[in-house]
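See structure below.
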Amino acid sequence: MNKNNVSFQGHFPIKQLSLCVALAMHGLAMAQAQQDTASEGLPEIKVRAQAQRETTEGTGSYKTTGKSTTATPLGLTVRETPQTVTVITRQRIEDQGLRSITDVLNNTPGITVQQYETNRGQFTARGFDINTLMIDGVPTTWDQSWSSGETFTSMAIYDRVEVVHGATGLTTGAGSPGAAINMIRKRANATELSGSAEVSIGSWNQRRAMADVGTALNEAKTLRARVAAEYDDHGSWVDGLSYKNQTVFAALEADLSPETLLSAGISYQDNKSKGAMWGGLPVWFTDGGRTNWDRSKTTAADWTRSDNIYENHFASLEHTFANGWKVKGSYNHGDRYANSKLIYIYDSPDRTTGTGLKPWPGAFKVKTKQEDIAVQANGPFQLLGRTHELALGYTKSTKDRDTEARSYSNVATPGNFNIWDGSYAEPTWGAFAPNSTLSNTQEAVYGAARFSLADPLKLIVGARLTNFEQTASDAPGGLKLNVEGKVTPYAGLIYDINKNYSVYASYTDIFEPQTKRSIDKKFIDPVVGKSTEIGAKGDFLDGRLSASFAVFRTKENNLAQATDQYADTDTFETAYRATDATSRGFEFEVNGELARGWNASVGYTQFKLTDADGKDVNSIYPRKVLRLFSSYKLAGPLQGLTLGGGVNWQGALYTYAASPTSLAGTTEKIEQGSYALVNLMAKYEITKQLTAQLNVNNVFDKTYFTVFDAFGQITYGAPRNAVLTLNYKF
């Protein structure tokens, strides 16, 4: 088989199946509507549509009691879901001053962020990459090599972030087995004029302002609107690096009837950065010794930049029948634009003269368009005298990416890197020309049922049938990849021991097409594998506190593993090899109120990821991760003061790279030892509406770095920094 035309056979006619699903959903809804709503197990439901919108705003808690569709389409609570689920609530986001999705994930149990340069990074879980960010359950994928600011996504427009650990093929189709990250937008649910405004100042000349206002637009309060805007202008600990980010969000919700809700909105994010780095800092001197740069050191020039824009338009219509059945249709359209001028500085400098580095300039434009449509019906049904739940749906997603690049000439030698200050001559650029294209389509039908086998015992079974097609021009001879009729099963069993404790087990298959290439420039076949998890969950203190423990195992075939060679020496594309890998480990979490006024979130993850020979895979991802943050609202004479603090700790990580003095075919170990970052917070209520908050991160100014790749480059993490915020709520 030609590796540039990968195809899985066993095609099912999804278009015909989607029609059957639609007819089935209509028939089920009509049949249920005709049932006697007074029958046992199906009480009459008369609630306003807006009341069904889950939110963590205003709860003041680190624990959510709402339902989620990130793991399954059934709308289950955290305890009802047979997988580890972490929810970073709005209160947690505000207490820690988490401004971007990268900030959130750096503080999420089980998740790590490999910040391999200033403007791009890799999210990971259980040893596997995550290249999908879901927005209100809609997967939005991005390519790491052509990322367009996804890691800078602002939290100003989101209520919370839900993370389901492990595979989520039932809801996402093709994707990573590590975790699913779902960012849930804020809702236009205010029936009276209300909102907040805040300003911040901080380290590296940070200046930030944000306003968020919502209100009803008619007397009946059936039409509501919300607008949020944020402006963030700040520098960095990296010399010459600065950012100007703008975010605007507007949403409408309309109760067309007490049972029908129409939602629509737009969001716009514009992120501009000056002095952006491409790659990291060199690890070796030419004599084979290790470098020890100041954390402010940069390889960027004073003309480098990376600008990104993301526009998103969304709408949904949902109707709830009197018997509890709900039908929802949604549409999402997103456009991403990136424009950059960069310089990649590589190789090793002389220890004394600082010379010997090589330049590779690049100027790129990237345009990505994604459209998603979905329709789903879910609700209760009767079988053998018991009430069960069913969800059926159809989804289609298309993505097109076009890139352009500029030729260049008059490229200067970097000179003495020891005194590098960014004053490096800009090359002479040519006109933009087409560089690469990518197009993929994913279409699927799915179904899931939650059977009540007994009062304490629930069985969840489901399957997704997916067709995936991708074409790309940036491969020799082009790439055409087809995965047809891929069936992704899901099964979970939950047993409620009592009102506080439950145990569960779950299983799902995994598949993920890959565009990584081997040393002979052939594309690695799609990842395939199986994932299992068993665990226990508990709710305490009248549901204000939750805890979970899970043991997991994920086995994958054809996992692309980076080598220390290039697949393409002209573009410095890393060569990969296919390997089988197994991740085994456990996770533990506690979230919520330990006592009145005392919030806490604690999570610990530990795993091993090895290939068939027992050797470590993805060793640049830490195997042990602890995330802890707690806040306490004081009473008595200190009433109005809230104190908080936490620790982010991770174990050692390493890779091997050839130094300039290494013998041919040998490498040397680059290691970052385990480290802990301590963060503190203090908040004071000046009045009922006005609060002042101080956040100090990396209190003990720990120096640490993440390993970029096997070519000997590193990027330092942020030193100690502080932010002071004034917030006014009305």
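Since this is a predicted model, take the numbers as computed values, not measurements. These values consider heavy atoms only, across backbone and side chains, with no hydrogens, waters or symmetry-generated copies.
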#### Entry: Side-chain donor/acceptor of Ser68 to backbone N/O of Thr70, under 3.5 Å
yes
### Task
Supply the atom-to-atom distance Ile343 CD1 to Glu426 CD, rounded to the nearest 0.5 angstrom.
10.0 Å
### Query
Do Phe364 and Trp278 make the cut of ring centroids closer than 6.0 angstrom?
yes
### Query
Does NZ or CZ of Arg185 come closer than 6.0 Å to the centre of the six-membered ring of Phe314, within 45° of the ring's axis?
yes
### Flag side-chain contact, heavy atom, 4.5 Å: Ile519 against Thr563
no
### Query
Phe249 ring centre to Arg226 NZ or CZ under 6.0 Å, with the angle to the axis within 45°?
no
### Query
Counting only N and O atoms by type, is there a donor-acceptor contact under 3.5 Å from the side chain of Glu443 to the main-chain atoms of Thr395?
no
### Message
Determine whether a donor-acceptor pair (N or O, by modelled atom type, separation under 3.5 Å) exists between the side chain of Ser531 and the backbone of Thr554.
### Response
no
### Query
About how many Å separate CG of Asp580 and CD of Glu556, when rounded to the nearest 0.5 Å?
9.5 Å
### Query
Within 45° of the ring axis of Phe432 and under 6.0 Å from its six-membered ring centre, is that where the NZ or CZ of Lys365 lies?
yes
### Task
Taking only Lys NZ, Arg NE, NH1 and NH2, and the carboxylate oxygens of Asp or Glu, determine whether Glu484 and Lys486 approach each other closer than 4.0 Å.
no
### Message
Regarding Lys480 and Glu469, does a basic nitrogen lie under 4.0 Å from an acidic carboxylate oxygen?
### Response
yes
### Task
Taking the side chain as every heavy atom from C-beta outward, state whether Thr247 and Ser267 have any atom pair closer than 4.5 Å.
no
### Task
Taking the side chain as every heavy atom from C-beta outward, state whether Glu533 and Thr84 have any pair of such atoms under 4.5 Å apart.
yes
### Query
Can you tell me if Asn119 uses its side chain to pair, donor with acceptor, with the backbone of Ser273 under 3.5 Å?
no
### Task
Could you tell me the separation between the OG1 atom of Thr579 and the CG atom of Asp611, rounded to the nearest 0.5 Å?
4.5 Å
### Task
Determine the minimum heavy-atom distance between Ser316 and Leu262, stating which atoms define it.
O-CD1, 3.4 Å
### Summary
For Leu342 and Ala276, the nearest pair of non-hydrogen atoms, with its separation, is CD2-O, 3.9 Å
#### Entry: Note, Glu253 side chain near Arg187 side chain (heavy atom, < 4.5 Å)
yes
### Query
Is the side chain of Thr403 donor-acceptor paired with the backbone N or O of Ser436 at a distance under 3.5 Å, no angle test?
yes
### Task
Would you verify whether the NZ or CZ of Arg336 falls within 45 degrees of the ring axis of Tyr310 while also being under 6.0 Å from that six-membered ring's centre?
yes
### Task
Please check if the side chain of Asn106 supplies one atom and the backbone of Asp103 the other of a donor-acceptor pair under 3.5 Å.
no
### Task
Hey, could you give me the OH/CG distance between Tyr446 and Leu170, rounded to the nearest 0.5 Å?
8.5 Å
### Query
Is there a donor-acceptor pair under 3.5 Å between the side chain of Asp159 and the backbone N or O of Ile184?
no
### Task
Would you check if the side chain of Arg305 reaches a backbone N or O of Lys274 as a donor-acceptor pair within less than 3.5 Å?
no
### Task
Could you walk me through whether Gln83 and Tyr490 pass the side-chain hydrogen bond (donor to acceptor under 3.5 Å, both in side chains) test, one step at a time?
CA-CA 11 Å; Gln83 288 179 265; Tyr490 186 97; 3.1 Å; yes
### Query
Does the side chain of Thr172 come within less than 4.5 Å of Met134's, by heavy atoms?
yes
### Task
Determine yes or no for a side-chain-to-main-chain donor-acceptor pair under 3.5 angstrom, with Asp307 supplying the side chain and Lys272 the backbone.
no
### Task
Measure the spacing between CG of Asp400 and CG of Asn440 and express it to the nearest 0.5 Å.
8.0 Å
### Task
Identify the two heavy atoms, one from Val366 and one from Ser148, that lie closest to each other, and give their separation to 0.1 Å.
CG1-OG, 4.2 Å
### Trace of the side-chain hydrogen bond (donor to acceptor under 3.5 Å, both in side chains) decision for Thr86 with Thr108
CA-CA 8 Å; Thr86 302; Thr108 299; over 6 Å; no
### Query
Aromatic ring centroids of Phe152 and Tyr243 under 6.0 Å?
yes
### Task
Measure the spacing between CH2 of Trp142 and CG of Asn131 and express it to the nearest 0.5 Å.
5.5 Å
### Query
Donor-acceptor pair, Asn312 side chain versus His333 backbone, under 3.5 Å?
yes
### Query
Do Glu404 and Lys367 come close enough that some side-chain heavy atom pair is under 4.5 Å?
no
